[in-house]
Amino acid sequence: MAAPRDLPGRPAAPGRAIGPAFRAEERPVPAPGAPGEGDARAALEAAVALAVAELGELAARSDAESAGILDFQIELLLDGELTAPAFARIERGEAAALAWAGAMGAHIDTLATDGDAFALRAADLADLRSRVLDALAGRTRADFPDGAVYVGRDMPPSVFLAHDWSKGGAVALAAGSPASHVAILARARGVPMVVGLGGLSVGNGDRLLVDGTQGVVRLHPEERLDAPPPDLAVRAPAALLGGQAGGARLFANIDTLADLDALDPASVAGIGLVRTEFLLAEAAEALDEERHLAAYRRIVERMDGRPVTLRMLDLGGDKALPGLVAGDPGSVLGARGVRFLLAHPDLARLQARALIRAAALGPVSVLLPMVTLPQELSAMAALFDEEAARLARQGVPGRRPPLGIMVEVPAAALTLDLFAEAAFFSVGTNDLVQYLAAAARDNPAVAHLHAGAEAAMFRLLDTIATAARAAGRPVSVCGDLAGDPAAVGRLVALGLRELSLAPSRLGAVRAALQGLTGGAPG
Ligand code: PEP
Ligand code: MG
């Protein structure tokens, strides 16, 4: 048997797990910008062909009546008239999934106004819209065996989210960074992760122990771990009741419904950040208003009257939606967040409608990611007003939610007084520090600059807190700094008293804040 060997890296998510290595295929880094029109056309053609093949197989296994319906759906998909508008949208530069969803949505809307006789056909089209979107996502998503250790250069958040971690497993990355989105997800889900391992000579199936606490990967370990797979139920101690701690109010960040289920609602003052791009991690979900609403309804109902802040899709950068947005870490300075949404108003309107409907169910606020200029907020506010009016005309219950902005772009952070329309501010320290220090959050070679820029960061946080106070607007911190026990005392001292953090950090932050005020934990 081969001797054990330790490979040093950096800790990114605590915990230990053993499993066989799964070596992820190295894919070429996509060129900056949107995927080419040719790629999008080919992707949609392949997805339609896959959907036709799936329907054919289903029809062959079905009774005569069901087969008739499925054959009708196949005919629809093969009908050039149905698919032409989607290809026309691709020619105008839209991504494949967005083009397909938009074109099919337009078909469905037309049928809906044509009366009951067409309602059945609309249902077929809705079914086809989802099937082709699933096919588009499936072609780009590659899962790996349960309990395996994912070994790769880096890991796209969408691949992490598509995997079932309840059976154990871990992540070992040659590059990567503890500040990346996938590391945030791993910490929230209790999946051990080590990054920055450099050249990793590990074979597929080699037994690995990943120690995400120490930041070490052991090749051919002799030990066995008896610990059960990660417990997703990260329950906060009862001492957290109400989310009050040492002069601060503690809120939770939620990335997935598993995080929500694991959270004791009484342990926090509310939800300060829902990263909806992780909640609706597939194009078929992100392009379906009802699926947005269903997810938001679950959160609002579970929080039972406590405030819930839902952030609009923060796509772009390393956050991909397979079939809709390619993961492109090079675009962190590009069309991310609100910029992407304003460039894709169909998607923004769809999400706005679901958010307006969710706001009728409880105290929901909406956060806009990556805002740079007041005009971006005004444009989104106008879009919300229009959609709220449209829903009211249609007799659909809704409430126009207050809109706040993420403070994570230095240009916005320095000009909060100009954002008169913002109902509240939420500081995204993860992005703010990367843009402030010009050091990408997923690049280990420059990670030391984040800590190095601490003085600049705290000066800017002081400016932000002062400006928010002067404007009479609530301000919270929802980046990872709010979950750092060594930093929270300074945040509170600056007047940043609303902290939103991963549920797994609540205990440590509570203890740190109580230590500061001399309060007895408990
Ligand atoms: C941040 O940037 O600090 C933040 C909370 O948003 P995200 O980590 O999703 O970019
Ligand atoms: Mg951010």
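We count ligands from 1, going down the list as the structure has it; atoms in each ligand are counted the same way.
Ring-plane geometry between His181 and Phe278 is classed as perpendicular, the angle between the planes exceeding 60 degrees on a 0 to 90 degree scale with a lower cut at 30.
Within ligand 1, the atoms closer than 4.0 Å to a non-hydrogen atom of Gly428 are 1 (C), 2 (O), 3 (O), numbered from 1 in the order shown. Those atoms of ligand 1 that come under 4.0 Å of a heavy atom in Ile184, given as number and element, are 8 (O). Remark: ligand 1 atoms within the under-4.0 Å shell around heavy atoms of Met406 are 4 (C), 5 (C), 6 (O). Every atom of ligand 1 with a heavy atom of Asp431 under 4.0 Å away is listed here by number and element: 1 (C), 2 (O), 3 (O), 10 (O). Remark: ligand 1 atoms within the under-4.0 Å shell around heavy atoms of Cys478 are 5 (C).
Taking atom 6 (O) of ligand 1 as the reference point, the nearest protein heavy-atom neighbour is Arg311 NH1, 2.9 Å. The nearest heavy-atom contact from the protein to atom 7 (P) of ligand 1 is His181 NE2, 3.3 Å.
Nearest-residue assignment for atom 5 (C) of ligand 1 (options Arg275, Gln434, Arg336, Arg441; heavy-atom criterion): Arg275.
Salt-bridge formation is detected for the pair Arg336/Asp431: a Lys NZ or Arg NE/NH1/NH2 atom is positioned less than 4.0 Å from an Asp or Glu carboxylate oxygen. With respect to Asp314 and Arg275, no salt bridge is recorded, no charged nitrogen being found less than 4.0 Å from a carboxylate O. Note on Arg189 versus Asp255: no salt bridge recorded, every NZ/NE/NH1/NH2 to OD/OE distance being 4.0 Å or above. Salt bridge status for Arg490 with Glu454: present, with a side-chain N to carboxylate O gap under 4.0 Å.
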What's the verdict on salt bridge (charged side-chain N to carboxylate O under 4.0 Å, His left out) for Asp484 and Arg505, showing C-alpha distance, side-chain angles and the deciding distance? CA-CA 8 Å; Asp484 179 354; Arg505 311 296 303 154; 5.6 Å; no
Hey, mind stepping through Asp261 and Arg298 against salt bridge (charged side-chain N to carboxylate O under 4.0 Å, His left out) and telling me if it holds? CA-CA 10 Å; Asp261 293 339; Arg298 275 213 33 207; 2.4 Å; yes
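Glu408 contributes OE1 as its N, O or S atom closest to the Mg ion (ligand 2). For Asp431, the N, O or S atom with the smallest separation from the Mg ion (ligand 2) is OD2.
Going from atom CG of Leu280 over to atom CG of Leu287 covers 10.0 Å, rounded to the nearest 0.5 Å.
For Asp480, no nitrogen or oxygen atom sits less than 3.5 Å from a nitrogen or oxygen atom of ligand 1, counting backbone and side chain alike.
Looking at Lys319 against ligand 1, only its side chain comes within 4.0 Å, counting heavy atoms.
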